[in-house]
Amino acid sequence: MPHRQEGDRVAHGFPHRAAVGASITALYRRLSPDGVHRFPASVPAFEVALADDEDLHLGTQRVAGALVRHLRLPEARLVVSFRPMEHAAAVELTAGPEYFVELNDRFRTRRRDIGAALAHEIAHVLLHRLGLGFPGTAENEILTDVATTYLGAGWLLLDAYRRDGVESQKLGYLTPEEFGYVLAKRAEVFGEDPSPWFTSAVAYEAWTRGRAEAARERTAPPLAGAGWAEHRRYVWERRRGRAGEGAPYAFHDGSPATAVSFACPVCRQRLRIPTGRALRARCGVCATVLDCAG
């Protein structure tokens, strides 16, 4: 059920950092690394775009079918209708195989965003079938946005973010920068460059800010790729056994510290390794091998 924000009400930055990280971890835990890698390519724009002269209902069903196939739900049949409603869309979650999706009436004239609204609702179906969810409604919606994006359909939700003289709109529960961050996390794993897909200038800007945040995590101590200044601070804090405020790591077992914990830069699972020597650590959730300075 992607909600809609307009104008100055759009939140920015990374206020849902913990929930986003937990969602990525949960996705890897439930699907396994091999399962995540069954989604190597994002859904292409031509499969989820409606032409101006295309029948609205037939075109919407075609786009829904493309997203069902992309998210590997071949046994799911979607029946899509339009009606006046507060939210952008809603799905009735049942045992299947038939699911009923309702789209806000405004999409009758905003065809370009139908794919985005459908992607979120179909991801709800996928998570329902996987039995993957969090206790709270807000956390579940964040999980759905993260799953949609990480599995290759959520770039549509980010591209639906627009702010100009004609219209101002954002779909989804993540901020634009958080969508960009998750998209960057996916791009790192699959070697994608989503830059050419954006039709919205502000969506592209959010993608670049999210990409910068993801890049920062890849080069944070104790990872070997950390910059000189960051590594020097890390060594000093390791010797005293206490990390400074805002540090992406925590020390354990005395001063100097004998162990350090940090989040895997791929799946955000918390890892713990010994300090004081260079080593290679393998994440037990996403199987990524990390070069660490210790």
Please report the interatomic distance [atom1]([X]) to [atom2]([Y]), rounded to the nearest 0.5 Å.
X	Y	atom1	atom2	answer
Lys185	Phe190	NZ	CZ	14.0 Å
Arg29	Cys286	CZ	SG	10.5 Å
Leu130	Leu73	CG	CG	8.0 Å
Glu177	Thr208	CD	OG1	9.0 Å
Tyr161	Gln169	OH	CD	11.5 Å
Tyr249	Glu237	OH	CD	3.5 Å

Quiz item: Can Trp236 and Arg232 be said to form a side chain to side chain contact (heavy atoms under 4.5 Å, CB included), step by step?
Solution: CA-CA 6 Å; Trp236 179 74; Arg232 184 176 180 179; 5.9 Å; no
Practice problem: With sequence neighbours excluded, tell me which residues meet side-chain contact (heavy atoms from CB on, under 4.5 Å) with Arg242. | Solution: Arg240
Self-check item: Non-neighbouring partners of Ala123 that pass side-chain contact (heavy atoms from CB on, under 4.5 Å), sequence neighbours left out
Solution: Leu71, Thr144, Thr148
Quiz item: Is there a side chain to side chain contact (heavy atoms under 4.5 Å, CB included) between Val189 and His37 once you walk through the steps?
Solution: CA-CA 9 Å; Val189 171; His37 281 268; 3.6 Å; yes
Exercise. Scan side-chain atoms only and decide if His124 and His120 contain a donor-acceptor pair under the 3.5 Å cut-off.
Key: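 Yes - a donor-acceptor pair under 3.5 Å links their side chains.
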Quiz item: Do Ser195 and Asp193 have side-chain atoms, one donor and one acceptor, less than 3.5 Å apart?
Solution: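 There is such a pair between these side chains.
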Non-hydrogen atoms of [X] and [Y] that approach each other most closely:
X	Y	result
Gly13	Thr175	O-OG1, 2.6 Å
Cys267	Thr25	O-OG1, 2.6 Å
Leu271	Cys283	CD2-SG, 4.0 Å
Glu188	Ala215	OE2-N, 4.2 Å
Pro265	Arg218	CB-CA, 4.2 Å
Ala206	Leu158	CB-CD1, 4.1 Å

Quiz item: Is it the case that more than 12 heavy atoms not belonging to Arg239 sit under 6.0 Å from its CZ atom?
Solution: no
Quiz item: Would the number of heavy atoms belonging to other residues, nucleotides or ligands and lying under 6.0 Å from CZ of Arg108 be above 12?
Solution: yes
Quiz prompt | Derivation of the side chain to side chain contact (heavy atoms under 4.5 Å, CB included) call for Val266 and Tyr28 | solution = CA-CA 10 Å; Val266 174; Tyr28 269 97; 3.7 Å; yes
Exercise. Let me see the working for Phe251 and Tyr234 under ring-ring contact (aromatic ring centres under 6.0 Å, His included), right down to the final yes or no.
Key: CA-CA 10 Å; Phe251 293 111; Tyr234 169 80; 5.4 Å; yes
Given 3.5 Å as the limit, does a donor-acceptor pair link the side chain of [X] with the main chain of [Y], or not?
X	Y	answer
Glu178	Val20	no
Thr149	Phe179	no
Arg186	Tyr150	yes
Ser23	Val146	no

Practice problem: Give the intermediate values and the outcome of side chain to side chain contact (heavy atoms under 4.5 Å, CB included) for residues Val125 and Val101. | Solution: CA-CA 10 Å; Val125 175; Val101 175; 5.9 Å; no
Self-check item: Pair Glu54 + Arg62, salt bridge at N-O below 4.0 Å
Solution: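 A salt bridge links Glu54 with Arg62.
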Quiz prompt | Basic-acidic side-chain contact under 4.0 Å: Arg233, Glu230 | solution =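 Answer for the salt bridge query: no.
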